[in-house]
Amino acid sequence: MKFVIATHNKGKLVEFQRLLEPMGIEAVTMDISEPEEDGASFAENAYIKAAAACKETGLPAVADDSGLCVDYLDGAPGIYSARFAQPGKRRLTVLEKLQGVPLEQRGAHFVSAVCCVFPNGDRVEAEGKCFGSIGFESRGENGFGYDSIFEQDGVTFGELTAAEKDARSHRGHAFAAFEKKLRDYLERKGAEL
Ligand code: ITT
């Protein structure tokens, strides 16, 4: 079954392909427009993106809305993670806002809400989270976005291999839950991947 990946973020796209391929999903990219993400939650925004791509392409579409929630910043940037500060300044802005804040107050988590919308209007949704802390400096060249400042046990996501990140990341957890729900949905419909 062919699915269109509804993202304009290259870092996410790589992870989507990596996570969807082993499920036997043929995941394709297309030139799709970017809808306004005016939902009040990760799940609402994921639905907005998947529904728009499904409508535009006529294919089942998979989107994720994700972000970093920092405890010390009352959960910010959260659903505004992609729009928080100037492009290229986002990690530095988080580090600056946490300047002088001790390790025990630097807790943070990533959230990924995945949504697949089918041309008949049905949707399959799942969410994943992963918990860690904001480092004192940026470290590691791997991954994208806030990876190099998000740590678990002193190691940033930017220092992980792709397989290591997928095994512990919000997106890895979300896609694992999504696969199960998708298979259940397709079984009920008498369809296969
Ligand atoms: P699409 O909406 O086109 O998918 P986007 O980048 O705008 O791309 P979001 O609105 O979901 O996506 O914003 C999520 C932001 O949160 C993203 O731009 C990153 O800065 C950050 N983020 C999400 N997942 C991340 C991850 O695995 N590692 C690091 N940063 C991540």
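Atoms within each ligand, like the ligands themselves, are counted from 1 in listed order. If you read the sequence from its start, that first residue is 1, and numbering goes on from there. This one's a predicted model, so the numbers in the text were calculated from it and none came from an experiment.
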Ligand-side contact atoms (ligand 1) for residue partner [X], heavy atom cut-off under 4.0 Å:
X      : result
Ser81  : 15 (C), 16 (O)
Gly145 : 20 (O), 29 (C), 30 (N)
Asp65  : 9 (P), 10 (O), 11 (O)
Gly67  : 16 (O)

| request: Heavy-atom distances under 4.0 Å are what count here, so tell me which part of Glu37 touches ligand 1: side chain, backbone, both or neither. | output: side chain
Is [X] salt-bridged to [Y], cutoff N-O under 4.0 Å?
X      : Y      : value
Arg106 : Asp71  : no
Arg188 : Asp184 : no
Arg183 : Glu187 : no
Glu137 : Arg139 : yes
Asp122 : Lys189 : yes

Nearest non-hydrogen protein atom, [atom]:
atom                    : result
atom 7 (O) of ligand 1  : Ala82 CB, 3.6 Å
atom 12 (O) of ligand 1 : Lys12 NZ, 2.9 Å
atom 1 (P) of ligand 1  : Thr7 OG1, 3.4 Å
atom 24 (N) of ligand 1 : Arg171 NH2, 2.9 Å
atom 22 (N) of ligand 1 : Phe144 CE1, 4.1 Å
atom 28 (N) of ligand 1 : Asp147 OD1, 2.6 Å
atom 30 (N) of ligand 1 : Tyr146 N, 3.0 Å
atom 2 (O) of ligand 1  : Lys49 NZ, 2.7 Å

| Could you give the distance from CD (Glu141) to CG (Asp147), rounded to the nearest 0.5 Å? | 11.5 Å
| said: For the CG atom of Asp65 and the CD1 atom of Ile48, what is their distance to the nearest 0.5 Å? | reply: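 These two atoms lie 8.5 Å from each other.
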| message | Check contact between Ser169 and ligand 1, using heavy atoms of the residue and a distance below 4.0 angstrom. | response | no
| Heavy-atom contact under 4.0 Å between Leu68 and ligand 1? | no
| said: Tell me the nearest of Lys165, His8, Arg83 to atom 26 (C) of ligand 1, using heavy-atom distances. | reply: Lys165
| Within 45° cone and under 6.0 Å: Arg90 NZ/CZ vs Tyr146 ring |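 Verdict for Tyr146: no cation-pi partner in Arg90.
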| message | If the test is side-chain hydrogen bond (donor to acceptor under 3.5 Å, both in side chains), which one of Lys49, His170, Arg171 qualifies with Asp64? | response | Arg171
| task | Decide whether Val124 and Phe16 are clustered together by the hydrophobic rule: side chain heavy atoms of Ile, Leu, Val, Met, Phe, Trp, Tyr closer than 4.5 Å, transitively. | result |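 In one cluster: yes.
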